[in-house]
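In what follows, a single structure is set out as structure tokens and then discussed.
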Amino acid sequence: MEDKLKVALAQIAPVWLNKEATLDKVTRTVTEAADNGAELVVFGEAFLPGYPFWLAYTEGAAWDLKVNKELHAHYTRNSIQIEAGELDGLCRLAKEKNIAIYLGMMERAKDRGGHSLYCSLVYIDANGVIQSVHRKLQPTYDERLTWAPGDGNGLRVHSLKKFTVGGLNCWENWMPLPRTALYAQGENLHIAVWPGGLHNTKDITRFIARESRGYVISVSSLMGIDDFPKDTPHLEAILEKAPKVLADGGSCIAGPDGEWEVEPIVDKEGLIYHTLDINRVYQEHQNFDPVGHYSRPDVTQLTVNRERQSTLKIEE
């Protein structure tokens with residue numbers, strides 16, 4: 001059954017800005033997905049420990065505002081440092097359960113000093129090995145107030161049975177060149193992760209599928225006003241302007257012909273299962289292949305810099 005791949009979309013709410021509790025929820029969700037036969041499970045953008053919703057409701061761009069500084073510090077303390085082994089338990093679980101994982105998370109990157117935050121999409125293979133950490137190239141709008149821009153190191157694809165899988169964060173999926181970089185490496189299963197929202201997934205999911213002639217999985221989280229933990233710093237200031245629903249899901253799957261295999265699902269928490277067939281990919285590439293027979297590299301080519309960027313280069 002190498003031609004078939006059973007996937008699970010984790011449309012769930014994080015324990016917002018609580019690293020330990022959200023990681024525990026990730027662990028339980030991975031276990032449930034694997035026990036139900038899934039071979040790949042995907043979580044939304046910045047799921048661990050959650051999206052910075054406060055920025056839109058607390059004058060996020062104001063200078064030296066105590067609310068923003070203290071919330072940012074809280075966010076930093078609850079973000080993940082991979083080098084410290086904070087994903088080791090999840091890697092062991094992936095190996096034990098023989099399941100691959102795409103996890104959206106906030107990374108407190110040690111190779112950039114350990115204080116700035118990166119919106120990272122981590123791929124853990126079924127052997128429990130972290131194969132790539134893609135740091136979002138360009139944080140969107142108010143995200144730039146708390147996230148740093150990433151680099152091209154994580155623009156990589158991975159073999160999963162007969163599929164070649166890659167992924168991007170949120171509005172990166174609107175960027176034609178990063179998409180092309182993945183297509184050109186053979187991607188035929190594209191993972192698009194979002195903080196949540198049908199408005200994000202309803203159009204571009206089918207568009208990328210039709211453009212790439214591959215499967216596209218969009219995974220979004222949920223977040224409602226009741227999901228804010230009571231111990232969140234400056235909770236009253238956030239709730240004063242926050243809407244009742246901040247993220248309604250919208251997770252979905254489009255097939256290689258650009259039509260829905262799983263239409264967007266909103267306001268429903270849980271795992272969404274579906275089985276993909278690689279033969280659909282081969283069929284749809286018959287008439288269009290954006291980086292193969294329907295490309296002109298003699299006219300246009302793309303150059304990708306995959307060097308991991310750092311301020312420091314040590315020469316002994």
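If you read the sequence from its start, that first residue is 1, and numbering goes on from there.
Within the 4.5 Å cutoff, no side-chain heavy atoms of Leu222 are placed close to those of Ile12. Side-chain contact between Gln138 and Glu143 is absent, with no heavy atoms from C-beta onward closer than 4.5 Å. Between Ser79 and Glu107, every side-chain heavy-atom pair lies at or beyond the 4.5 Å cut-off. For the pair Glu211 and Arg179, the minimum side-chain heavy-atom distance is below 4.5 Å.
Partners of Ser132 according to the side chain to side chain contact (heavy atoms under 4.5 Å, CB included) rule, which considers only residues two or more places apart in sequence or in another chain, are Tyr123, Arg156, His158.
Within 6.0 Å of CD in Glu59 there are 12 or fewer heavy atoms belonging to other residues, nucleotides or ligands. Open room surrounds CD on Gln301; 12 or fewer heavy atoms of other groups in view lie less than 6.0 Å from it.
For His190 (side chain) and Ser212 (main-chain N/O), no donor-acceptor pair under 3.5 Å exists by modelled atom type.
Judged by a 6.0 Å distance limit and a 45° cone about the ring axis, Lys6 is positioned over the six-membered ring of Tyr273.
Among Tyr183, Tyr215, Phe163, the single residue meeting the side-chain contact (heavy atoms from CB on, under 4.5 Å) criterion with Asn188 is Phe163. Screening Trp147, Trp16, Trp194 against Tyr51 for a ring-ring contact (aromatic ring centres under 6.0 Å, His included) leaves a single residue, Trp147.
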**OP:** Would you please test Trp171 and Asn200 for side-chain contact (heavy atoms from CB on, under 4.5 Å) and show each step?
**Re:** CA-CA 8 Å; Trp171 274 22; Asn200 280 321; 3.5 Å; yes
**OP:** Would you sort out whether Asp151 and Arg308 count as a salt bridge (Lys or Arg N to Asp or Glu O under 4.0 Å), showing the intermediate values?
**Re:** CA-CA 6 Å; Asp151 56 37; Arg308 181 61 93 196; 2.7 Å; yes
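Defined by atom type and a distance below 3.5 Å, a donor-acceptor pair is present between the side-chain atoms of Thr58 and Asn68. Inspection of the Asn169 and Glu45 side chains reveals no N or O donor paired with an N or O acceptor under 3.5 Å. At a cut-off of 3.5 Å, with distance as the only test, no side-chain donor of Asp248 or His199 sits close to an acceptor on the other residue.
The distance between the ring centers of Trp54 and Tyr75 falls below 6.0 angstrom.
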